[in-house]
Amino acid sequence: MDLFGLMYLDELAQGLANLHMFPYFDMAHYIVSVMALREQPGVLELSRRSPFACWFSSMLYCFGGAVLSGLMMAEPPVAPLSNSTNVLLASLVWYLVFYCPQDGLYCCAAVLPLRLVLTGMKETTRTWKVLGGVTQAHGKYKDSLLVMIAIGWAKGAGGGLISNFEQLVRGVWKPESNELLKMSYPTKVTLIGAVLFSLQQTQYLPLQKHHLMLLYTIFTVVNKARMMLTGSSSSPFAPIESAVYQTLFSGSSPSPYSALASETPPPEKKASIDHGGAARAATTPVKEVRDSLNGSASQQTRLSAAQAPQDAPEAGQEEPHKEESCKKTD
């Protein structure tokens with residue numbers, strides 16, 4: 001490509017394509033993956049209660065893409081574990097992240113500058129994984145673009161795609177967290193990379209492989225660093241996703257359940273009916289109590305009126321006695 005020659009990026013692209021992932025980039029991938037597992041809720045308690053389940057979850061985080069792509073290609077799912085060197089390296093990282101004295105490795109790797117470097121190295125390995133999956137599928141299914149996209153996507157984002165199985169290993173069942181229902185940024189960017197590399201493999205994208213590797217790696221590293229520095233979890237593809245959804249999938253016809261919903265009374269009317277019945281039920285005992293109070297008050301007035309003439313003579317009888325006493329004293 002002439003643009004790469006003018007900007008002297010061709011040598012950089014060739015150097016990136018010849019870069020070896022083992023051991024430094026693979027170790028960075030293992031550290032970031034195991035740290036992401038440790039930051040999940042309840043994992044620290046699990047590491048003390050069941051170290052083997054914690055280790056197995058860590059291996060799924062580290063080798064989930066290879067396991068899923070192997071299953072899709074009808075290969076043994078334990079084939080990624082046959083590389084003893086990588087498994088031992090990942091196990092050593094797991095032990096140091098969870099059980100290092102004073103959490104030394106985790107505290108050092110959690111420092112923002114170092115974590116940015118480790119995350120950038122992990123995103124670089126994503127390019128190799130996606131390209132490796134696409135190349136593997138292209139070797140068996142040369143004319144199947146969909147298979148190449150699926151295998152490349154599975155190998156690059158397999159850890160997220162099998163997250164429900166990994167949660168089951170930890171005793172957690174959250175089907176609503178399925179990546180197909182709500183894709184995260186790594187899953188989306190891996191899918192885009194799988195599409196681009198598949199188009200390049202089938203000669204539909206007029207771009208050399210090492211140039212595409214350089215562009216894709218720069219894009220993933222820069223976006224991930226931006227998201228970490230700004231603390232934002234929003235995807236850069238959100239405006240495009242919203243426009244495509246509004247254009248193709250939103251629809252303008254009413255829902256088929258709207259006719260059924262119109263037959264049932266609205267909640268406000270039902271509430272008013274219920275309140276009216278409750279008000280009538282509440283006023284009935286109040287009225288009865290009021291009538292009983294009025295009746296008792298009228299009875300008391302009648303009794304007082306009947307006793308009034310009897311009290312008058314007694315009062316009149318007391319007065320003569322008083323007069324007679326006065327006369328005797330005189």
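- Taking a 6.0 Å sphere around NZ of K188, one finds it holds more than 12 heavy atoms contributed by other residues, nucleotides or ligands.
- Listed by first and then second residue, the side chain to side chain donor-acceptor pair (under 3.5 Å) pairs involving residues 151-163 amount to none (not counting sequence neighbours).
- Residue Y185 qualifies as enclosed at atom OH: its count of foreign heavy atoms under 6.0 Å is above 12.
- Side-chain heavy atoms closer than 4.5 Å link hydrophobic residues (I, L, V, M, F, W, Y) into clusters, and following such links, even through other members, never connects V172 to F98.
- In terms of hydrophobic clustering, with Ile, Leu, Val, Met, Phe, Trp and Tyr side chains grouped at heavy-atom distances under 4.5 Å, V222 and L229 are assigned to different clusters.
- When all heavy atoms are compared, the tightest approach of T125 to M21 is CG2-SD, 3.7 Å.
- A salt bridge does not link D26 to K122: none of the charged side-chain nitrogens sits closer than 4.0 Å to a carboxylate oxygen.
- With rounding to the nearest 0.5 Å, the separation of CD in E45 from SG in C54 is 11.0 Å.
- Residue pairs satisfying the side chain to side chain donor-acceptor pair (under 3.5 Å) criterion with at least one member in residues 130-139, sequence neighbours excluded, are listed as follows: E75-Q136.
- Scanning all heavy atoms of the two residues, the minimum distance from L37 to S58 falls at CD2-OG, 3.1 Å.
- Separating the CE atom in M35 from the CD atom in Q40 is a distance of 12.5 Å, to the nearest 0.5 Å.
- Sorted by first then second residue, the side chain to side chain donor-acceptor pair (under 3.5 Å) pairs that include residues 212-232, not counting sequence neighbours, are T127-T217, S232-S234.
- Rounded to the nearest 0.5 angstrom, L131 CG and K209 NZ are separated by 5.5 Å.
- Pairs engaging residues 102-127 under the ring-ring contact (aromatic ring centres under 6.0 Å, His included) rule: none recorded [sequence neighbours left out].
- Atom OG of S198 sits about 5.5 Å away from atom CG of L145, to the nearest 0.5 Å.
- In terms of heavy-atom proximity, V67 sits nearest to P80 at N-CG, 3.8 Å.
- Side-chain contact between H210 and N18 is absent, with no heavy-atom pair separated by less than 4.5 Å.
- Qualifying salt bridge (Lys or Arg N to Asp or Glu O under 4.0 Å) partners for E166, counting only residues two or more places apart in sequence or in other chains: R170.
- Here the OG1-CG distance, from T187 to L191, works out to 9.0 Å after rounding to the nearest 0.5 Å.
- Between the T124 side chain and the G120 main chain, a donor and an acceptor come within less than 3.5 Å of each other.
- Within the structure, the ring-ring contact (aromatic ring centres under 6.0 Å, His included) test picks out the following pairs touching residues 60-92 (sequence neighbours left out): Y30-F63.
- In summary, K182 and E176 do not engage in a salt bridge, as defined by a charged side-chain N under 4.0 Å from a carboxylate O.
- Side chain of S144 to backbone of Y141: no donor-acceptor contact under 3.5 angstrom is found.
- Applying the side-chain hydrogen bond (donor to acceptor under 3.5 Å, both in side chains) criterion to T85, with sequence neighbours excluded, gives no partner residue.
- Within 6.0 Å of atom CZ in F22, more than 12 heavy atoms from other residues, nucleotides or ligands are found, so the atom counts as buried in its surroundings.
- Shown here are the side-chain hydrogen bond (donor to acceptor under 3.5 Å, both in side chains) partners of T190, two or more places apart in sequence or in another chain: R126.
- Residues passing the side-chain hydrogen bond (donor to acceptor under 3.5 Å, both in side chains) test with S242: none are found, sequence neighbours excluded.
- In this structure a side-chain-to-backbone donor-acceptor pair under 3.5 Å is missing from S50 to L46.
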Assess whether side chain to side chain contact (heavy atoms under 4.5 Å, CB included) is satisfied between L215 and L196, documenting all intermediate values. CA-CA 11 Å; L215 293 176; L196 293 176; over 6 Å; no
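- Legend: residues meeting side-chain hydrogen bond (donor to acceptor under 3.5 Å, both in side chains) with W128, ordered by chain and number and at least two apart, are absent.
- Using cut-offs of 30° and 60° on the angle between ring planes, the pair F219 and F237 is tilted.
- Closest heavy-atom contact between E123 and V221: CB-CG2, 3.9 Å.
- A continuous path of Ile, Leu, Val, Met, Phe, Trp and Tyr side chains, each step under 4.5 Å between heavy atoms, connects Y204 with V134, placing both in one hydrophobic cluster.
- H29 places a side-chain N or O within donor-acceptor distance of the main-chain N or O of C62, the cut-off being under 3.5 Å.
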Could you go through the side chain to side chain contact (heavy atoms under 4.5 Å, CB included) check for M121 and Y24 one step at a time? CA-CA 8 Å; M121 297 172 71; Y24 302 111; 4.1 Å; yes
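- By the 4.5 Å heavy-atom criterion applied to side chains, F197 and L205 are not counted as neighbours.
- The side-chain contact (heavy atoms from CB on, under 4.5 Å) check on I162 picks up L60, L68, with sequence neighbours excluded.
- Residue M73 holds its CE atom at 5.5 Å from CD1 of I151, rounded to the nearest 0.5 Å.
- Listed by first then second residue, pairs satisfying side chain to side chain donor-acceptor pair (under 3.5 Å) with a partner in residues 108-121 read E39-R115, not counting sequence neighbours.
- Shown here for V93 and M27, the closest heavy-atom pair between the two residues is CG2-CG, 4.4 Å.
- Taking a 6.0 Å sphere around OH of Y99, one finds it holds more than 12 heavy atoms contributed by other residues, nucleotides or ligands.
- Side-chain contact between L19 and M213 is absent, with no heavy-atom pair separated by less than 4.5 Å.
- Tracing side-chain contacts under 4.5 Å through hydrophobic residues (I, L, V, M, F, W, Y), one reaches F52 starting from V43; they form part of the same cluster.
- Linking Ile, Leu, Val, Met, Phe, Trp and Tyr whenever their side-chain heavy atoms come within less than 4.5 Å leaves L161 and L168 in two separate clusters.
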R48/L44 under side chain to side chain contact (heavy atoms under 4.5 Å, CB included): CA gap, chis, key distance, verdict: CA-CA 7 Å; R48 272 59 177 179; L44 276 178; 3.7 Å; yes
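- Closest heavy-atom contact between T202 and L199: OG1-O, 3.3 Å.
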